[in-house]
**Q** 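Here it is, the structure, as C-alpha cells.
For clarity, every value in this text was computed on a predicted model and none was experimentally measured.
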Amino acid sequence: MRQGFPYVRPGQVIGLFGGSFDPPHAGHVHVTREALKMFGLDRIWWLVTPGNPLKARGPAPLAQRMTAARAVMRHPRVDVTDIETHLGTRATADTIAALRRMYPRVRFVWLMGADNLAQLHRWQDWRQIMETVPVGVLARPGDRISARMSPAARAYSPYRIDGEARHLLGRSEAPAWCFVNVPMVDVSSTRIRAAGGWSAAQERRDKTGAQHQ
C-alpha cells in the first residue's frame, strides 16, 4: 500500500465520492451511508480535492478540510483521503484512470449527486467517466427532473440500471449507471459558507495561529 492511499483487497468494490468538501457536512455523511447500502459497495473513499489553482478564490486549505471531513465522517468502511494530491490529478476522468492502473483488480464506482449528473456533460472527458466505471447517482432536493433530462442521462439511457436492481451496480460493467431517490438532508456547503459558520471558524483558527507564530 502506497503512503496516502487506503488499504484495499483485490476484488473489492470501492465507491469514489469526490468533492471540495468546503465544508463537509451531515448531507455528505448521509449520502455516503446511503450509497454503501444501496449500490453493493465494500468501501467508500472520500476524495477531498486539492482545489483549482486557476480559480481566484479557492476552497479552504486542504489540511483544514481533511481534518473537518475526518471529524464528521466516522464509519469503519469509509476512508477520507487526499488521493488526488498524491496522484497529481485534477480532472475526475484522470483520477479514475490513475486509480484503475494502480488497482487493476479492484472495482471502482463513481458516486455523485443528481446536481452533478445534470452538468456532467460539461466535465472534461465526461464520456470516458461513464464508459470506464459504473456511476451511482443519488437525488438531492430540486435536482431530480433536470438530472433525468440532462444530456448525459439521455446519451446513456440504454445503460441505466433500474432502481430495484441498484445493489448490482458495483458488479456491473461500464457503461452502467443507476439513479436512486433517497431521503436527503437538505443542507449544502454553499449555504454553510454563506451563513458565515465555516469562514468564521477558519478566521478564528487563522488568528489563533498568527498569535502563536
Side-chain angles (χ1 to χ4, degrees), residues 4 6 13-52 55 57-85 92 95 108-120 123 134-148 150 163 166-167 169-170 177-206 208:
V13 181
I14 308 297
L16 303 174
F17 186 29
S20 61
F21 298 99
D22 185 35
H25 53 68
H28 295 131
V29 174
H30 178 67
V31 166
T32 300
R33 291 178 177 271
E34 291 295 321
L36 274 172
K37 293 187 293 185
M38 291 189 169
F39 294 135
L41 308 176
D42 295 307
R43 304 189 66 83
I44 288 179
W45 295 354
W46 277 23
L47 309 183
V48 183
T49 62
N52 188 343
K55 289 186 177 181
R57 186 179 185 280
L62 178 60
Q64 177 186 340
R65 289 180 286 126
M66 287 287 291
T67 298
R70 286 174 172 149
V72 300
M73 185 67 257
R74 297 179 179 273
H75 192 286
R77 291 163 53 201
V78 179
D79 298 287
V80 175
T81 80
D82 56 353
I83 281 176
E84 287 180 314
T85 298
T92 295
T95 298
F108 290 106
V109 175
W110 184 257
L111 304 172
M112 65 171 68
D115 55 334
N116 282 325
L117 178 63
Q119 59 180 345
L120 183 62
W123 291 22
V135 175
V137 184
L138 298 106
R140 296 178 58 180
D143 295 316
R144 298 174 185 180
I145 295 177
S146 60
R148 287 176 170 170
S150 67
R166 57 185 179 268
H167 60 285
L169 182 68
W177 64 286
C178 185
F179 186 103
V180 296
N181 295 318
V182 296
M184 303 298 284
V185 176
D186 192 9
V187 62
S188 74
S189 296
T190 301
R191 287 209 298 272
I192 292 174
R193 291 196 303 272
W198 178 240
S199 60
Q202 180 181 349
E203 289 173 5
R204 285 195 298 271
R205 279 188 289 268
D206 290 345
T208 301

**Q** For Gln64 versus Ala60, what's the shortest heavy-atom pair and its separation?
**A** OE1-CB, 3.7 Å
**Q** Find out whether Phe39 and Val13 are in side-chain contact, i.e. whether some heavy atom of one side chain is under 4.5 Å from a heavy atom of the other.
**A** no
**Q** Do Val31 and Leu111 come within less than 4.5 Å of each other through their side chains, counting heavy atoms only?
**A** no
**Q** Rounded to the nearest 0.5 Å, how far does CG of Leu138 lie from CG of Asp115?
**A** 10.5 Å
**Q** Grab the two heavy atoms, one from Arg70 and one from Val80, that are nearest each other, plus how far apart they are.
**A** NH2-O, 3.3 Å
**Q** Quick one: list whatever passes salt bridge (charged side-chain N to carboxylate O under 4.0 Å, His left out) with Arg166, sequence neighbours left out.
**A** none
**Q** In chain order, what residues pass the salt bridge (charged side-chain N to carboxylate O under 4.0 Å, His left out) check against Asp79, with sequence neighbours excluded?
**A** Arg43
**Q** List in chain and number order the residues that pass side chain to side chain contact (heavy atoms under 4.5 Å, CB included) with Asn116, two or more places apart in sequence or in another chain; answer none if no residue qualifies.
**A** Met112, Gln119, Trp123
**Q** Could you work out, with side chain to side chain donor-acceptor pair (under 3.5 Å) as the rule, every residue matching Thr49, not counting sequence neighbours?
**A** none
**Q** If you compare all heavy atoms of Met66 against all heavy atoms of Asp82, which two are closest, and at what distance to 0.1 Å?
**A** CE-N, 3.8 Å
**Q** How long is the span from the OG atom in Ser20 to the CG atom in Leu62, to the nearest 0.5 Å?
**A** 11.0 Å
**Q** For the residue pair Asn181 and Ala139, what are the closest heavy atoms and their distance?
**A** OD1-CB, 3.3 Å
**Q** Tell me, please, which residues at least two apart from Ser150 pass side chain to side chain contact (heavy atoms under 4.5 Å, CB included).
**A** Leu117, Ala152, Ala153
**Q** With the side chain counted from C-beta on, respond yes when Trp46 and His28 share a heavy-atom pair under 4.5 Å apart, and no when they do not.
**A** yes
**Q** Can you name the nearest heavy-atom pair linking Ala114 to Ala147, along with the distance?
**A** O-CB, 3.3 Å
**Q** Show me the pairs that pass salt bridge (Lys or Arg N to Asp or Glu O under 4.0 Å) and involve residues 25-37, at least two apart or across chains.
**A** Glu34-Lys37
**Q** Would a distance-only check, ignoring hydrogens and angles, find a side-chain to backbone donor-acceptor pair under 3.5 Å from Arg77 to Asp42?
**A** yes
**Q** Could you tell me which residues satisfy side chain to side chain contact (heavy atoms under 4.5 Å, CB included) with Thr67, sequence neighbours excluded, listed by chain and number?
**A** none
**Q** Under a 3.5 Å threshold, yes or no: a donor from one side chain and an acceptor from the other, between Trp110 and Thr92?
**A** no
**Q** Report yes if the side chains of Thr32 and His75 come closer than 4.5 Å at any heavy-atom pair, otherwise no.
**A** no
**Q** Quick check for you: to the nearest 0.5 Å, what is the distance between Ile44 atom CD1 and Thr81 atom OG1?
**A** 12.0 Å
**Q** Taking the side chain as everything from C-beta on, heavy atoms only, tell me whether Val78 gets closer than 4.5 Å to Leu36.
**A** yes
**Q** Are any side-chain N or O atoms of Arg65 and backbone N or O atoms of Pro24, one a donor and one an acceptor, separated by less than 3.5 Å?
**A** no
**Q** For the residue pair Thr85 and Pro50, what are the closest heavy atoms and their distance?
**A** OG1-CB, 3.7 Å
**Q** Atom CG of Leu16 and atom CD1 of Ile83: how far apart are they, to the nearest 0.5 Å?
**A** 7.5 Å
**Q** Can you name the side chain to side chain donor-acceptor pair (under 3.5 Å) partners of Trp177, sequence neighbours left out?
**A** none
